Student: 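Dropping the structure in here first, questions after.
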Amino acid sequence: MDIRGIDTPLLDWTGDTLALGLFEDAMELTGILQELDEKLSGTLRELIEEIEFEGKPNNSAVNRIGSNSPIRKVILVGLGKTEDLSLDVVRLGAATISRLAKQAKVKTLGINLPVVNDDVASTVNAITQGIILSLHQDKRFKSEPDKNGLKLERVEILGCGKNEKAINQANILCSGVILARELVAAPANSVTPVTFAEIAQTIAKDHELDIEILDREKCEDLGMGAFLGVAQASDFPPNFIHLTYKPSETPQKKLAIVGKSLTFDSGGLNLKGAGSSIETMKMDMGGGAATLGAAKVIGQLKPDVEVHFICAVTENMISGCAMHPGDILTASNGKTIEVNNTDAEGRLTLADALVFAEKLGVDAIVDLATLTGACIVALGDNIAGLWSTDKILAAQLREAGSVAGENFWEMPLEEKYFEGLKSPIADIKNTGPRAGGAITAALFLKQFIKKTPWAHLDIAGPVWLDKENGVNNSGATGFPVRTLVNWVLNQ
Ligand code: BES
Ligand code: MN
Ligand code: ZN
């Protein structure tokens, strides 16, 4: 499928299907829309009246036009109120249009959506994202080819000029989102600590990033007892991945992105029981998947910032040499941890990864993790939790998320709750009381950061959707690759 921007005026466009966005407070067909309606023998007006199309955000319609027309079908999507127009509105509009065009077996599609804040490049970028991300479907594990595959051959974005650069950038961004989706969706017998590391190596090679992979022995040398404690019951060797993007000129800023990378989380000896969705725990490397997705994009967009991508990859399994509940581990900063619950394993792997990241001397560290069920209870699956020791960093991430159309809600690092992590025998326990579980998890991580501005994103909800939503189809979303990339580019 080819996506391009074209200069052809709306009235002169010919092709299979023309898609238009309409605002709910500007539903009268005036000006160019009136001319278009006349050209289409009044079909637009008829369609709007017939289905009582109101231009509200979820409204949409498809209609066949008489056979003499230069356009075979028209698609309408509602954009909501003019004053609420944003990049997310056009991104979602493009997604709705693309899904309808797919259903209607459209081959060539023209999309006419408004420009947001006079920013043509960002508008075209967002529209392209909406098209690609809503149409992506993962058929890798089906043995038969898809009979209902996409017929769409060409999409033309009208009214924004050629804008090859914006379309190209969106394509690159989406390749990172799709990589993350495919890593998350692949089962744990496909994405293992070994294959995950191989994929990181491929990214490094393809996009000229430096890569260092620490095996168990090297992790032992660095004293990563927390990470290795989690890894000790897996038949796969753990891999600690460190990818580095270095710009050609001396960078003003150095950043680290750290992703929780459990290719499967059985819970360990605190085994996940019925009702705890053990069968979905292939998604527990969602943070690492988005980290690699972001690395793939940053390696191609080549911003003026140095970025370190870190994934401590393993499984959380059971065996005769599994961690016992109650074991005490020593992390690489010397802190001792009483493992009162082996299912709170993500924070153990992240502890050593955060210590490693801080030693790199970066200006900011962001970790992303499918860390707690408690965060899903608090915020649902549309919103990720955001904790930060630094107001500026938190604001940067919120802004990057809002431009990306990914939702974050800032949560408190309530020091009082640290009481719940005190251990009678070690420095800390890995699990506090049930109440405020997402907050104590964040407080646990904070113990492994000394002074670098740090933010923690609990993405347990948004990495996976049971139902199609926005640009995402059901299943893996690739959250929050778009936010991470925006954050890096805006430095
Ligand atoms: N990977 C899970 C968190 C999770 C749960 C992600 C559901 C996605 C969907 C994490 O390792 C975990 O098991 N957390 C426990 C922590 C508890 C033992 C303190 C949880 O949330 O129940
Ligand atoms: Mn767990
Ligand atoms: Zn987990």
Side-chain angles (χ1 to χ4, degrees), residues 180 183-185 188 191 193 196 226-227 229-234 238 258-290 311-318 322-323 325-327 329 337-353 367-385 411 417-418 420-421 423 428-445 456-466 475-477 479-480:
L183 280 166
V184 169
V191 170
F196 191 101
F227 171 47
V230 176
Q232 75 195 31
S234 172
V258 179
K260 171 175 170 182
S261 306
L262 268 292
T263 61
F264 188 72
D265 177 14
S266 72
L269 284 175
N270 290 101
L271 189 61
K272 287 186 182 293
S276 63
S277 322
I278 189 171
E279 73 285 358
T280 68
M281 282 303 141
K282 64 178 184 182
M283 65 146 102
D284 214 18
M285 29 59 75
C311 301
V313 195
T314 186
E315 300 177 307
N316 186 22
M317 297 298 282
I318 48 175
M323 281 191 291
D327 279 1
L329 306 174
I337 306 162
E338 181 190 1
V339 181
N340 60 336
N341 191 323
T342 61
D343 198 10
E345 83 299 333
R347 60 196 79 180
L348 296 171
T349 65
L350 288 168
D352 284 325
D367 79 68
L368 43 149
T370 49
L371 203 63
T372 65
C375 197
I376 309 181
V377 173
L379 299 175
D381 56 16
N382 228 311
I383 307 171
M411 303 278 276
Y417 294 176
F418 186 69
L421 290 175
S423 161
I428 46 174
K429 301 191 287 195
N430 72 331
T431 311
R434 212 171 106 84
I439 298 175
T440 43
L443 288 171
F444 178 93
L445 297 179
H456 158 58
L457 310 176
D458 193 331
I459 59 171
V463 290
W464 189 270
L465 293 177
D466 291 331
T477 58
F479 190 98

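Order of listing sets the numbers, starting from 1, for every ligand and every atom in it. The shown structure was predicted, so the numbers you read here are calculated from the model rather than taken from an experiment.
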Student: Looking only at distances, can you tell me whether any N or O atom of T431, backbone or side chain, sits closer than 3.5 Å to an N or O atom of ligand 1?
Tutor: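 N/O-N/O distance below 3.5 Å does not exist for this pair.
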
Student: May I ask you to check if any N/O/S atom from E345 comes under 2.8 Å of the Mn ion (ligand 2)?
Tutor: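 For E345, the answer is yes, given that an N, O or S atom comes within less than 2.8 Å of the Mn ion (ligand 2).
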
Student: How does L371 reach ligand 1, by side chain, by backbone, by both or by neither, if only non-hydrogen atoms under 4.0 Å count?
Tutor: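 The part of L371 near ligand 1 is the backbone, not the side chain.
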
Student: Would you kindly specify which portion of K260 sits under 4.0 Å from ligand 1, judged on non-hydrogen atoms: side chain, backbone, both or neither?
Tutor: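 The answer is the side chain of K260.
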
Student: Give me the one residue out of N316, T431, T342, N340 that meets side chain to side chain donor-acceptor pair (under 3.5 Å) with N270.
Tutor: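 Looking at N316, T431, T342, N340, the match for N270 under the side chain to side chain donor-acceptor pair (under 3.5 Å) is T342.
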
Student: Looking at non-hydrogen atoms alone, which of D343, D381, L348 comes nearest to atom 15 (C) of ligand 1?
Tutor: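 Considering heavy atoms of D343, D381, L348, the nearest to atom 15 (C) of ligand 1 sits in D343.
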
Student: Would you say ligand 1 has an N or O under 3.5 Å from any N or O of T372?
Tutor: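 Among all N and O atoms of T372, none is under 3.5 Å from an N or O of ligand 1.
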
Student: Output the list of atoms in ligand 1 that are nearer than 4.0 Å to some heavy atom of N341, sorted by atom number.
Tutor: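 Near N341, the atoms of ligand 1 are 18 (C).
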
Student: Within the structure, does at least one protein heavy atom fall under 4.0 Å of atom 11 (O) of ligand 1?
Tutor: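 True for atom 11 (O) of ligand 1.
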
Student: Using 2.8 Å as the threshold, say whether any N, O or S atom from D343 sits that close to the Zn ion (ligand 3).
Tutor: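 It does not; every qualifying atom lies at 2.8 Å or beyond.
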
Student: Does any N, O or S atom of L262, backbone or side chain, fall under 2.8 Å from the Zn ion (ligand 3)?
Tutor: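 No - counting backbone and side chain alike, L262 has no N, O or S atom under 2.8 Å.
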
Student: Please find the N/O/S atom of D265 nearest to the Mn ion (ligand 2) and write down its name.
Tutor: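 Of the nitrogen, oxygen and sulfur atoms in D265, the Mn ion (ligand 2) lies nearest to OD2.
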
